[in-house]
Amino acid sequence: MGTAERINASQRIHPFVEIMDSTLRDGEQTNGVSFLPHEKLMMARMLLRDVNVDRIEIASARVSEGEKEAVKMICRYARQIDKLDRVEVLGFVDGGKSIDWIADCGCKVINLLAKGSLKHCVHQLHKTPEEHIADIHDTVRYATEKGLSVNLYLEDWSNGMKDSPDYVYQLMDTLTSSAIHRFMLPDTLGVMNPLQVIEYFRKMIKRYPGAHFDFHAHNDYDLAVSNSLAAVLSGAKGLHVTVNGLGERCGNAPMASVQAILKDQFHAKTNIDESQLNGISRMVEGYSGIAVAPNQPIVGENVFTQVAGVHADGDSKDKLYYNDLVPERFGRKREYALGKNSGKANIAKNLEELGLELTPEQTRRVTQRITELGDKKEIVTQEDLPYIVSDVLKHDAPEDKVRLVSYVVSTAYGLRPGANVKVEINGKQYEGSAVGDGQYDAFVKVLRYIYKKYLNRTFPILANYQVSIPPGGRTDALVQTVITWHYNDGLLRTRGLDADQTEAAIKATFKMLNIVEKELNNK
């Protein structure tokens, strides 16, 4: 594409881009993912209410009774908050059966799936283009009579434009005068590159300037985000995304990445509340069981963690290693990893955040100890720092206010695991016993009992529990347990390291309790 064409394309960027999330429909086609009705409702609530996407595609018609119940639940909720017009269901050209199913659920929008390539029309439907067009018109007419708004998918549109553009134009020539609101152009098999997206979109918009076009990308060549942006550059008014990029095969365009690039690189506007992107990512990760890669942009565990000490040093000197993707924008915060690559600057940053002041010599000794731990593959967190300082310096370190005196955990075939625990809190000892669904569950139930009965205090709620072998370890090596807690309207994450999983979890728990106790004592 020449310079003049690129300039013209940039002028076609719409100041506002509509975002349609398809996590609950296309995202559920991820291998091994199946959402329960109440899980779909929880995700739909957050997408509509908190993330504020413009539309959500929540299901395919006629899949199952469970799917029908989910659609009904979401539609009832959306009607209550006056957002029913934002809820959409995929339907088919099937003689009106999909339309009846969708209408019976209380939904008001059908995303009708038609064939966008001649191959699909002839070889899958065994129909002529004229027959398929007539069926589409009949379906659109019936949907309108039933009070539904209609959007139209041109399935396999990308290959249609490659191999049979005349067929695509034949469909569009007759359908643009129908009651269809949006024409949704999918790269169904993920075969396009950005230059092709620009070329084909330019042709569509030039030929049908009054039509509303969405683009639906797939990530088979890792180009879903790039192709989505190329579509916007070429005049697309809407984009389809999924949370965490869930979807069939290699997935779809991830919402967080699309949103960030639209805003920062193209200065386009959306209705997305960026501060909720991390929250919806965690929710979908939990319900789907598909873990987010640590280096996934915006929502990955490590993306706002500086590892190299030179970067922490640069951040202290006029934020030399910052860019527009500041973590606070997405409801997160910047962290400085502690390990063999940390250097004094990283450690100084962490000490500063904890309010610990050390002399240069003390900082050097703490740095040396953290480097030694890093060489052994042990992961050091900010919560570990006070304990490392105490161990290295033997003075001027926080004293444990909550201490484990003794415990016994047991399990036996046919019996629920049990725990007997004695703890010391601010110099006074307490003990109790309980049974649970596992040894650690029983242990925590004892602590909850002690905190409630003797201290009349609420015990933090467990939000997430992860067990792993430290990088480079073996099955008989140390176990790392990472526990995240709901505390004071936020999250508190602590880690424990031990050869025994339960012992590692207990260490992480007591780190958390001492952090909480320290905060209470400082008030």
Side-chain angles (χ1 to χ4, degrees), residues 13-14 16-31 33 43 47 51-58 88 90 111 116 151 153-158 182-198 200-201 213-266 268-274 276-278 280-281 284-285 288 290 292-293 295-300 303 325 330:
I13 296 176
H14 286 270
F16 176 80
V17 179
E18 192 177 69
I19 301 296
M20 192 269 272
D21 179 86
S22 188
T23 304
L24 305 184
R25 198 277 299 175
D26 215 6
E28 196 180 24
Q29 292 179 198
T30 305
N31 185 31
V33 173
M43 288 182 281
L47 286 165
V51 184
N52 198 35
V53 296
D54 299 288
R55 300 147 53 202
I56 56 173
E57 188 177 46
I58 62 172
E88 303 171 7
L90 181 73
N111 290 342
N151 302 318
Y153 272 115
L154 294 182
E155 186 183 14
D156 201 37
W157 168 79
S158 48
R182 299 177 182 88
F183 292 90
M184 306 191 294
L185 310 180
D187 182 14
T188 304
L189 300 179
V191 297
M192 300 178 82
N193 64 53
L195 294 178
Q196 290 170 320
V197 174
I198 291 172
Y200 298 154
F201 250 90
F213 289 116
D214 284 2
F215 182 63
H216 181 106
H218 279 266
N219 204 37
D220 296 69
Y221 282 95
D222 204 19
L223 289 171
V225 174
S226 298
N227 286 343
S228 296
L229 299 173
V232 170
L233 183 68
S234 306
K237 295 180 180 179
L239 291 177
H240 297 185
V241 299
T242 60
V243 178
N244 299 338
L246 290 184
E248 197 166 23
R249 303 184 313 276
C250 300
N252 295 22
M255 179 194 295
S257 297
V258 168
Q259 164 62 26
I261 300 176
L262 279 177
K263 181 176 181 180
D264 295 356
Q265 306 291 341
F266 289 84
K269 297 185 184 301
T270 71
N271 283 323
I272 299 294
D273 183 345
E274 293 183 337
Q276 301 296 320
L277 290 174
N278 191 56
I280 189 62
S281 173
V284 171
E285 181 182 38
S288 68
I290 304 296
V292 174
N295 61 340
Q296 175 81 14
I298 314 302
V299 295
V303 296
L325 298 174
F330 306 104

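For the single chain, residues carry numbers from 1 onward in sequence order.
- Residues Ile298 and Leu325 have side chains in contact (heavy-atom distance under 4.5 Å, counting atoms from C-beta outward).
- Of all heavy-atom pairs between Tyr221 and Gly190, the closest is CD1-O, 3.1 Å.
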Exercise. Kindly indicate, with the supporting measurements, whether the criterion side-chain contact (heavy atoms from CB on, under 4.5 Å) is fulfilled by Lys263 and Glu274.
Key: CA-CA 10 Å; Lys263 181 176 181 180; Glu274 293 183 337; 3.3 Å; yes

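- By the salt bridge (charged side-chain N to carboxylate O under 4.0 Å, His left out) test, Arg55 pairs with Glu18, Glu88, Asp214, sequence neighbours left out.
- Looking at heavy atoms from C-beta onward, Phe215 lies in side-chain contact with Asn227 at the 4.5 angstrom threshold.
- Judged by distance alone, the side chain of Gln296 and the main-chain N or O of Ala293 form no donor-acceptor pair under 3.5 Å.
- Side-chain contact check for Val243 versus Asp21: some heavy-atom pair is nearer than 4.5 Å.
- In this structure, Phe266 and Leu233 have side chains that are in contact, with non-hydrogen atoms separated by less than 4.5 Å.
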Self-check item: From CA spacing to verdict: side-chain contact (heavy atoms from CB on, under 4.5 Å), Asp26, His218
Solution: CA-CA 10 Å; Asp26 215 6; His218 279 266; 3.5 Å; yes

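- For the atom pair OG1 (Thr23) and CG (Asn244), the distance works out to 8.0 Å, reported to the nearest 0.5 Å.
- By the 4.5 Å heavy-atom criterion applied to side chains, His240 and Val258 are not counted as neighbours.
- Residues Asp187 and Leu223 are not in side-chain contact: their nearest non-hydrogen atoms beyond the backbone lie 4.5 Å or more apart.
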Exercise. Please report the C-alpha distance between Gln276 and Ile280 in whole Å, then the side-chain angles of each, then the deciding distance to 0.1 Å, and finally whether the side-chain contact (heavy atoms from CB on, under 4.5 Å) criterion is met.
Key: CA-CA 6 Å; Gln276 301 296 320; Ile280 189 62; 5.8 Å; no

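- In terms of heavy atoms, Leu246 sits closest to Ser288 at CD1-CB, 4.0 Å.
- Going from atom CG of Leu185 over to atom CG of Asp156 covers 12.0 Å, rounded to the nearest 0.5 Å.
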Practice problem: Could you walk me through whether Asp54 and Asn271 pass the side chain to side chain donor-acceptor pair (under 3.5 Å) test, one step at a time? | Solution: CA-CA 7 Å; Asp54 299 288; Asn271 283 323; 2.7 Å; yes

Quiz prompt | Stepwise side-chain contact (heavy atoms from CB on, under 4.5 Å) check, Thr30 with Glu248 | solution = CA-CA 5 Å; Thr30 305; Glu248 197 166 23; over 6 Å; no

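- With values rounded to the nearest 0.5 angstrom, Leu239 atom CG is found 11.5 Å from Met255 atom CE.
- Contact annotation: the side chain of Trp157 never approaches that of Thr188 to less than 4.5 Å [non-hydrogen atoms, C-beta and beyond].
- Val197 and Ala231 make their closest contact through CG1-N, 3.6 Å (heavy atoms, listed as atom of the first residue, atom of the second, distance).
- By the 4.5 Å heavy-atom criterion applied to side chains, Ile58 and Arg25 are not counted as neighbours.
- The closest donor-acceptor contact from the side chain of Thr242 to the backbone of Gly247 lies at 3.5 Å or more, if one exists at all.
- We find the CG-CD1 distance between Leu47 and Ile272 to be 8.5 Å, quoted to the nearest 0.5 Å.
- Every residue meeting the salt bridge (charged side-chain N to carboxylate O under 4.0 Å, His left out) condition with Glu28, not counting sequence neighbours, appears here in chain and number order: Lys40.
- Between Phe183 and Phe213, the ring planes lie tilted relative to each other; the angle falls in the 30° to 60° range.
- With rounding to the nearest 0.5 Å, the separation of CG in Leu262 from CD1 in Ile19 is 5.5 Å.
- Counting all heavy atoms, side chain and backbone alike, Ala224 lies closest to Ser228 at O-OG, 2.8 Å.
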Exercise. Give the C-alpha distance, both sets of side-chain angles, the deciding distance and a yes or no for ring pair (Phe, Tyr, Trp, His ring centres under 6.0 Å) between Tyr153 and His216.
Key: CA-CA 9 Å; Tyr153 272 115; His216 181 106; 5.7 Å; yes

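- For the atom pair CG of Asn111 and CG of Leu90, the computed distance is 6.5 Å after rounding to the nearest 0.5 Å.
- Residues Pro297 and Ser257 approach most closely at CB-OG, 3.9 Å, considering heavy atoms.
- Smallest separation of non-hydrogen atoms from Asn193 and Leu195: OD1-N, 3.0 Å.
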